[in-house]
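First comes the structure, then the notes that go with it.
So that the names make sense, note that chain A is the first sequence line, chain B the second, and so on, each numbered from 1. What you see below is based on every heavy atom in this structure, not just the backbone, and it leaves out hydrogens, waters and symmetry mates. Keep in mind that what you see is a predicted model, and the values were worked out from it rather than measured.
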2 protein chains.
Amino acid sequence: MARKAGSHSEITGPRIRAEAQRLFARHGFAAVSMRQIAAAVGVQAGALYLYTPDKEALLFDLLETHMKDLLAAWAAVPRCGDALDALERFVRFHIRFNLDRAEAVFLSYMELRNLGPENFTRIEALRRSYENELEAILKAGQADGSLSVPDTKLATLAIIAMLTGVNTWFRAGGRLSRERVEEIYWDMVRKAVGA
Amino acid sequence: MARKAGSHSEITGPRIRAEAQRLFARHGFAAVSMRQIAAAVGVQAGALYLYTPDKEALLFDLLETHMKDLLAAWAAVPRCGDALDALERFVRFHIRFNLDRAEAVFLSYMELRNLGPENFTRIEALRRSYENELEAILKAGQADGSLSVPDTKLATLAIIAMLTGVNTWFRAGGRLSRERVEEIYWDMVRKAVGA
DNA sequence: ACCGTAACTGAACGAATGTTCAATATCAAA
DNA sequence: TTTGATATTGAACATTCGTTCAGTTACGGT
């Protein structure tokens with residue numbers, strides 16, 4: 001057997017990335033073999049190498065895509081109002097975006113160490129530029145007096161850690177709706193850094 | 001060659017656990033081989049099986065020891081004063097304890113999925129009982145009116161996520177001392193959940 | 001109907017994996 | 001100094017790993 005009926009790279013490529021993301025998130029990068037990914041797609045292991053030069057590049061592609069999607073989605077959020085409004089938008093955006101992509105978020109926080117130094121640096125830069133978005137809001141809020149933060153950088157990291165933590169416990173259909181979770185976290189963030 | 005000069009199980013055992021923790025934290029459980037651990041200890045791979053029945057049990061031992069140490073250390077903290085005092089003690093304790101054991105903390109948050117269902121449940125139970133300690137403080141604070149929390153369980157998880165996040169960026173000898181970091185985080189937590 | 005190419009197979013590569021075990025050297029106690 | 005328990009080696013086991021590639025089939029345009 002060789003080429004399969006109805007096979008197309010525009011279909012197989014995305015499916016490989018989707019299954020890889022699912023398996024990496026569930027079992028960890030190092031614990032998942034290329035053969036497992038191939039089997040989930042319904043293909044032989046050798047076929048994966050038509051879509052990625054090697055295993056690490058597959059992981060890097062997933063992480064980079066996620067981080068760029070994150071930055072693009074935040075850039076698309078309309079900005080108006082003062083710093084407090086911007087902060088509320090950021091809090092709600094972060095929770096919503098991350099809950100919608102739990103697997104990709106998990107990967108981005110857990111599998112960075114499986115990247116080589118160069119790839120690691122690239123992802124780190126993307127992450128830092130996302131953090132800078134929040135830091136800019138906190139700075140603006142301090143300038144106009146609407147926010148009061150003991151240390152801008154630490155508050156940035158503290159808020160992001162707190163918000164990202166939602167992904168570890170939230171389950172759809174649970175006690176609280178996403179809307180309600182946004183509400184509660186925004187309340188805590190506002191009080192934590194409000195003037 | 002067989003038994004080595006000066007060899008004792010009270011020395012080799014702890015060294016195996018120490019090297020395993022270091023390597024697991026640095027590269028991930030699945031990415032570290034028994035031979036790598038053995039080499040770090042200065043021993044052959046087969047010797048490890050005098051100290052652990054298998055690789056997963058070695059990981060479980062590290063996680064369980066860490067969680068029990070955490071609970072014991074918190075239990076040893078003298079409790080006096082009102083709920084606000086207790087909350088401050090918890091915040092400072094958590095940051096200090098976690099910074100002193102960065103590798104173990106990292107493992108406990110990242111490698112849970114490499115445990116079998118039974119071992120997983122055991123560690124989860126320990127983690128939940130730690131969360132319950134903070135939750136009890138928040139409840140007491142609401143009862144006596146010193147704290148105001150939109151949702152007790154969520155506030156518990158949010159605070160722990162925020163505090164544990166310190167481990168991802170803190171480096172000794174950096175811009176801020178541990179004492180100062182405690183100060184800053186306590187300020188944010190107090191404002192976030194204070195009445 | 002034909003052809004070039006895109007998509008995939010299936011087998012193979014050497015290296016590495018977790019784990020077992022008979023053999024053996026060192027230890028502590030008598 | 002002998003002895004039995006303790007600690008370790010080093011080779012071996014069957015699997016599995018990431019990756020390569022010659023061969024083969026299906027597709028899309030002519």
Value in whole Å for how far the [atom2] atom of [N] lies from [atom1] of [X]:
| X | N | atom1 | atom2 | result |
| --- | --- | --- | --- | --- |
| Gln44(B) | dA7(D) | CD | P | 18 Å |
| Leu59(B) | dG18(C) | CG | C1' | 15 Å |
| Tyr49(A) | dC17(D) | OH | P | 11 Å |
| Met34(A) | dA12(C) | CE | P | 21 Å |
| Asn114(B) | dG18(C) | CG | C1' | 14 Å |
| Arg3(A) | dG10(C) | CZ | C1' | 18 Å |
| Glu56(A) | dC17(D) | CD | C1' | 16 Å |
| Ile11(B) | dT26(C) | CD1 | P | 16 Å |

Residues forming a ring pair (Phe, Tyr, Trp, His ring centres under 6.0 Å) with Phe24(A), sequence neighbours excluded: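 Partners of Phe24(A) by the ring pair (Phe, Tyr, Trp, His ring centres under 6.0 Å) criterion, ordered by chain and then number, come out as Phe29(A).
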
Closest-nucleotide 5' rank along DNA chain C - winner of Ser33(B) and His8(B):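 The answer here is Ser33(B).
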
Residue mapping more 5' on DNA chain C - nearest nucleotide basis, Ser7(B) or Gly46(A):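 The answer here is Gly46(A).
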
If you measure from the Lys or Arg side-chain nitrogens to the Asp or Glu carboxylate oxygens, is any gap between [X] and [Y] under 4.0 Å?
| X | Y | value |
| --- | --- | --- |
| Glu183(A) | Arg180(A) | no |
| Glu88(A) | Arg190(A) | no |
| Arg122(B) | Glu118(B) | yes |
| Glu179(A) | Arg92(A) | yes |
| Arg128(B) | Glu131(B) | no |
| Arg22(B) | Glu103(B) | no |

Under 4.0 Å: is that the gap between some side-chain N or O of [X] and OP1 or OP2 of [N]?
| X | N | answer |
| --- | --- | --- |
| Thr12(A) | dC8(C) | yes |
| Tyr51(A) | dC8(C) | yes |
| Ser9(B) | dT6(D) | no |

Over all strands shown, is [X] touching base, sugar-phosphate only, or nothing at heavy-atom distances under 4.0 angstrom?
| X | value |
| --- | --- |
| Ala5(A) | sugar-phosphate |
| Gln36(B) | sugar-phosphate |
| Val32(B) | sugar-phosphate |

Given DNA chain D, 5'-ward residue of the pair Glu10(B) and Pro53(A), judged by closest heavy atom: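 First, find each residue's nearest nucleotide; the 5'-ward one identifies Glu10(B).
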
First of Ala31(A) and Ala47(B) reached from the 5' end of DNA chain D, by closest nucleotide: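 Closer to the 5' end of DNA chain D: Ala47(B).
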
Nearest to side-chain heavy atoms of Leu50(B), which nucleotide of dG18(C), dT8(D), dA6(C):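 The answer is dT8(D).
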
Nearest-neighbour nucleotide for the Lys4(B) side chain, dC27(C), dT9(D), dT19(D) considered: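 So the side chain of Lys4(B) is nearest to dT9(D).
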
Polar pairs (N or O, both sides) under 3.5 Å between protein and nucleotides 12-14 of chain D?
from, atom 1, to, atom 2, distance (Å)
dA12(D), N6, Arg35(B), NH2, 3.3

Common cluster, Val91(A)/Val77(A), ILVMFWY with side-chain heavy-atom separation under 4.5 Å: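 Yes, same cluster.
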
